[in-house]
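Quick note: numbers below take in every heavy atom, side chains included, and nothing from hydrogens, waters or symmetry partners. Just so it is clear: chains get the letters A, B, ... in the order the sequence lines come, proteins before strands, and each one is counted from 1.
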Amino acid sequence: MLKIYNTLTRQKDEFKPLQEGKVKLYVCGMTVYDFCHVGHARVMVVFDVVARYLRACGYDVTYIRNITDIDDKIIARANENGESISSLTERFIKEMHHDADALGALRPDQEPKATESMAEIIAMIETLIKKGFAYSADNGDVYYDVSKFDSYGKLSGRNIDELRAGERVAVNTAKDDPLDFVLWKAAKPEEPAWQSPWGRGRPGWHIECSAMSATCLGEHFDIHGGGQDLQFPHHENEIAQSEGAHGCQSVNYWMHNGFVRIDDEKMSKSLGNFFTVREVLAKYDPEVVRYFILTSQYRSPLNYSEEQLDQAKNALTRFYNTLRSVELIDDVVWRDDTEFGTRFAAAMDDDFNTALALSVMTDVRQALNKAQEQNNDQQIGYFAGLLNSCGQVLGLFQQSAETFLTGDAENDEDAEKIEALIVARKQAREDKDWAKADQVRDELTAMGIIVEDTAGKTSWRRV
RNA sequence: GGCUGCGUGGCAGAGUGGUUAUGCAGCGGACUGCAACUCCGUUAACGCCGGUUCGAUUCCGACCGCAGCCUCCA
């Protein structure tokens, strides 16, 4: 039985889909004006695992992740670059896909864009005005009247009075109340704009998610996810908009992933302490990055450091090393009633505890190694299949062990030389010329190659 | 200031009212020509102070420290 920590109830709730066998999942995606950083990578990987696991459990999952392709930062960046908004956003949508694909994050079923959802957005704002939740101001903006929505604050655990007390927002005189938030922004002459009943303008940030989630998934759906920093005000406002407009509960389970940190500080664009996914992938295999992200529970903070990445790399290498020498059997399924299968499922059922799930996989790996020492073919096949199947649920082991350990055929020139040295060493060993054999090995070591003599066979891998 | 959450061995990171995950590193051993890989064994921890309890790292309270949100942010 799957339990999900629900921000709304602040506890792990048993997961029950609205529709038997189906799950509707919406995740807040990227604002596309720059490269993705490791924080974005975490969201992509975490919810990719959520989607994969739900599918592995037999659910028919509809996974939506939006793209914010119009907002103040995008406009500012396009101006700085002297390029059009669409050229900027199209470029970074491509880059985002490039990163997500590299990390093994399966594409969502749909990736709706704000600029392609204007009709729905405008219609929703009209409904909110009609129902008395919103008003248009003298300056052409449209605002949501927070005081009209009784349960405002229920997600982030605050109330309107508290928010007033902590108020440090510059006063905007067009608003009736400083806590009101904008649904529609009147455009300045130079700015991109869409025609609306309130004049030319563009949507506020929050409304697009309410409109697009309802369009893609309906007014009431199962899971809504995103980074912890979206809890307030973004998701709080989404609830106010969606539930105000539709008059029903919008989301059953709210999931928020923790931040990636650097030196115990949140990684963010505004602090400037971020690494782009691209930078990290230049040094580490994408699956290592994925493994690193999965070593902690998704709600915990994740401290970014190369030492951690190195540890993840070591751990993944051990898995691949074991997998390298076995034939995979595909008809083993992760969820069986053996000890390992049960433990793996229990870990994942407990709010997607990937850290614990990985430790179960370590136990399977060890059992597989032992089976190999004992030449127990039946067990070897079973454990190998089980390990691989668990890995697939987490999006690991997506490449052959050979590729992971020795790199791609790209290094062909090297490969020939390496093979030659391996052969030379083999000959030296047969001649019992240990000095020569060791000298060849030193040469390989200098090239970043580690040799392993197992079961009469010599294999190699890159450091 | 208000509101959330966190504080576990050298590092990372799960978990539990009593039998001390897991990975990396360390130590001892097996295997190996020597290594590497692998296996076996092993060291070491629960911020501080009270309370509940036969017993608390785990429950409750105070304290200290840290992070996040309250402003664009995954």
Side-chain angles (χ1 to χ4, degrees), chain A residues 7 10 27-31 36-47 65 68 71-73 76 153 156-159 161-170 179 205 225-234 236 256-261 264-271 274 291-292 295-297 299-303 305 307-308 310-319 321-322 324-325 343 347 350 353-363 365-366 368-370 372-374 428-429 432-435 437-438 441-442 444-445 449-455 458-461:
Chain A
T7 308
R10 304 211 172 267
V27 174
C28 284
M30 265 49 83
T31 300
C36 291
H37 63 234
V38 181
H40 298 118
R42 191 177 194 190
V43 183
M44 296 192 275
V45 170
V46 162
F47 287 100
R65 188 178 61 208
T68 300
D71 93 320
D72 292 355
K73 289 194 171 179
S156 52
R158 7 190 137 211
N159 60 56
D161 293 337
E162 274 167 20
L163 286 165
R164 289 231 163 76
E167 184 79 41
R168 51 187 171 104
V169 185
L179 295 183
W205 175 37
Q228 218 164 43
D229 46 1
L230 299 185
Q231 216 175 95
F232 188 90
H234 185 57
E236 197 67 71
H256 293 98
N257 67 276
F259 298 127
V260 174
R261 295 187 192 172
D264 286 325
E265 226 180 20
K266 175 184 173 183
M267 176 185 289
S268 75
K269 293 237 165 136
S270 29
L271 290 170
F274 62 89
Y291 191 97
F292 161 67
T295 52
S296 78
Q297 213 276 344
R299 283 183 286 119
S300 306
L302 177 64
N303 243 42
S305 76
E307 194 190 343
Q308 293 314 304
D310 288 338
Q311 284 194 13
K313 182 183 174 180
N314 285 342
L316 235 202
T317 300
R318 291 184 76 184
F319 278 114
N321 234 350
T322 295
R324 184 181 208 176
S325 49
R343 282 171 57 208
D350 185 11
N353 193 337
T354 52
L356 192 57
L358 286 174
S359 78
V360 175
M361 286 169 62
T362 302
D363 289 345
R365 179 181 58 79
Q366 210 155 52
L368 174 53
N369 282 330
K370 281 182 210 166
Q372 288 191 84
E373 291 202 338
Q374 293 160 5
R429 292 183 74 214
K432 298 209 189 303
D433 184 352
W434 309 127
D438 289 349
R441 185 169 62 201
D442 288 345
L444 285 161
T445 305
I449 303 300
I450 294 169
V451 289
E452 283 167 10
D453 303 319
T454 30
T458 295
S459 53
W460 60 273
R461 62 186 165 90

### Separation between the C1' atoms of B:rU16 and B:rC70, rounded to whole Å
35 Å
## Note on the structure
A:N159 atom CG is separated from B:rC70 atom C1', nearest whole Å, by 12 Å
### Query
How would you label the contact of A:H37 with the nucleic acid (heavy atoms, under 4.0 Å): base, sugar-phosphate, or nothing?
base
### Task
Please step through side-chain contact (heavy atoms from CB on, under 4.5 Å) for the pair A:T445 and A:I450, ending with a clear verdict.
CA-CA 6 Å; A:T445 305; A:I450 294 169; over 6 Å; no
### Query
Looking only at heavy atoms, what is the nearest atom pair of A:Q228 and A:H256, with distance?
CA-CB, 4.0 Å
### Message
Please report the distance, rounded to the nearest Å, between NE2 in A:H234 and P in B:rA74.
### Response
10 Å
### Query
Nearest to the side chain of A:R441, which nucleotide is it out of B:rA12, B:rC70, B:rA35?
B:rA35
### Message
Please pick, from B:rA74, B:rU22, B:rG23, the nucleotide with the shortest atom-to-atom distance to any side-chain atom of A:M267.
### Response
B:rA74
### Query
Would you call A:T362 and A:F319 a side-chain contact if the rule is heavy atoms closer than 4.5 Å?
yes
### Task
Go through the side-chain N and O atoms of A:Q231 and A:S156 and say whether any donor and acceptor fall under 3.5 Å apart.
no
### Query
For the pair made of CG in A:D350 and P in B:rA14, what is the distance, rounded to whole Å?
12 Å
### Task
Check every atom of B:rG23, B:rA14, B:rA74 against the side chain of A:Q297 and return the nucleotide holding the closest atom.
B:rA14
### Task
Check whether any side-chain heavy atom of A:E452 sits under 4.5 Å from a side-chain heavy atom of A:N321, and report yes or no.
yes
### Query
Within the pair A:T295 and B:rA14, is there a side-chain N or O less than 4.0 Å away from OP1 or OP2?
no
### Query
Considering every strand shown, what is the Watson-Crick or G-U wobble mate of B:rG65 when both distances are under 3.5 Å?
B:rC6
### Message
Give me the distance, rounded to whole Å, that separates B:rG47 from B:rC64 when you measure between the C1' atoms they each carry.
### Response
8 Å
### Task
Show your reasoning for whether side chain to side chain donor-acceptor pair (under 3.5 Å) applies to A:T322 and A:N369.
CA-CA 7 Å; A:T322 295; A:N369 282 330; 3.1 Å; yes
### Query
Using a cut-off of 4.0 Å on non-hydrogen atoms, how would the nucleic acid contact of A:S300 be classed: base, sugar-phosphate, or nothing?
sugar-phosphate
### Summary
Rounded to whole Å, the CG-P distance (A:D438 to B:rA35) equals 10 Å
#### Entry: A:L316 side, atom CG; A:F292 side, atom CZ - distance, nearest 0.5 Å
13.0 Å
Can you name the atoms? Protein N/O to nucleotides 36-38 of chain B N/O, anything below 3.5 Å, with the distance.
from   : atom 1 : to     : atom 2 : distance (Å)
B:rA36 : N1     : A:D453 : O      : 2.9
B:rU38 : OP1    : A:R318 : NE     : 3.1
B:rU38 : O3'    : A:N369 : ND2    : 3.0
B:rU38 : O2'    : A:E373 : OE2    : 3.1

#### Entry: Length of the CG-P vector between A:L302 and B:rG13, whole Å
7 Å
### Task
Using a heavy-atom cut-off of under 4.0 Å over every strand shown, decide if A:Q372 touches base, sugar-phosphate, or nothing.
nothing
### Geometric cation-pi criterion, A:R158 with A:F232: 6.0 Å, 45°
yes
### Query
Does B:rA14 have a Watson-Crick or wobble mate here (both distances under 3.5 Å), and if so which one?
none
### A:T362 side chain, from C-beta outward: closest of B:rU22, B:rG13, B:rA74
B:rU22
## Note on the structure
CZ (A:R429) and CG (A:D438) are apart, to the nearest 0.5 Å, by 9.5 Å
Could you list, one pair per line, each protein nitrogen or oxygen that sits under 3.5 Å from a nitrogen or oxygen of nucleotides 3-5 of chain B, together with the distance?
from  : atom 1 : to     : atom 2 : distance (Å)
B:rC3 : O2'    : A:G157 : O      : 3.2

### Task
Looking at every strand, decide which applies to A:G29 at a 4.0 Å heavy-atom threshold: base, sugar-phosphate, or nothing.
sugar-phosphate
### A:R42 versus A:S296, side-chain donor and acceptor atoms under 3.5 Å
yes
### Query
Just how far, in rounded Å, is C1' of B:rC72 from CZ of A:F259?
13 Å
#### Entry: Rounded distance in Å - CG (A:L356) to P (B:rA21)
13 Å
### Message
Mind checking if A:K73 touches a base, just sugar-phosphate, or nothing, with heavy atoms under 4.0 Å?
### Response
base
### Query
Any idea which of B:rA21, B:rC69, B:rC34 is nearest the A:K266 side chain?
B:rC69
## Note on the structure
Per nearest nucleotide of RNA chain B, the residue lying toward the 5' end, A:P301 or A:E265, is A:P301
### Task
Provide the distance between the two P atoms, one in B:rG50 and one in B:rC11, to the nearest whole Å.
26 Å
### Task
Identify the nucleotide, in any strand shown, that forms a Watson-Crick or G-U wobble pair with B:rG55, with both distances under 3.5 Å; if there is none, say none.
none
### Task
Might you work through the side-chain contact (heavy atoms from CB on, under 4.5 Å) test for A:D350 and A:L356, ending with a clear yes or no?
CA-CA 10 Å; A:D350 185 11; A:L356 192 57; 5.8 Å; no
### Task
Begin from the C-alpha positions of A:R461 and A:V451 and carry the test side-chain contact (heavy atoms from CB on, under 4.5 Å) through to its verdict.
CA-CA 7 Å; A:R461 62 186 165 90; A:V451 289; over 6 Å; no
### Message
I need the CG-C1' distance between A:D442 and B:rC34, as an integer number of Å.
### Response
11 Å
### Query
At under 4.0 Å between heavy atoms, what does A:S270 touch on the DNA or RNA strands: base, sugar-phosphate, or nothing?
base
### Message
Is it the case that B:rG15 (base atoms only) and A:N353 (side chain only) share a donor and an acceptor within less than 3.5 Å, ignoring hydrogens and angles?
### Response
no
## Note on the structure
Applying the 3.5 Å cut-off to both distances, the Watson-Crick or G-U partner of B:rG41 turns out to be B:rC27
#### Entry: Most 5' of A:A355 and A:G226 on RNA chain B, judged by nearest nucleotide
A:A355
### Query
Under 4.0 angstrom, heavy atoms only, what part of the nucleic acid is A:D264 near: base, sugar-phosphate, or nothing?
sugar-phosphate
### Message
For a quick check of understanding: with a heavy-atom distance under 4.0 Å over all strands, which category does A:V260 fall into, base, sugar-phosphate or nothing?
### Response
base
#### Entry: Validation row: A:F259, A:M267 side chains within 4.5 angstrom (heavy atoms)
no
### Query
P atom, B:rC48 versus B:rG9: distance in rounded Å?
11 Å
### Task
Record whether the side chain of A:Q228 comes under 3.5 Å of the base of B:rG68 through a donor-acceptor pair of N or O atoms.
no
### Task
Give none if B:rG1 has no partner; otherwise give the nucleotide forming a Watson-Crick or G-U wobble pair with it, both distances under 3.5 Å.
B:rC70
### Task
Rounded to whole angstrom, note down the C1' distance from B:rU52 over to B:rA45.
24 Å
### Query
Is the shortest side-chain N/O distance from A:K313 to OP1 or OP2 of B:rG23 below 4.0 Å?
no
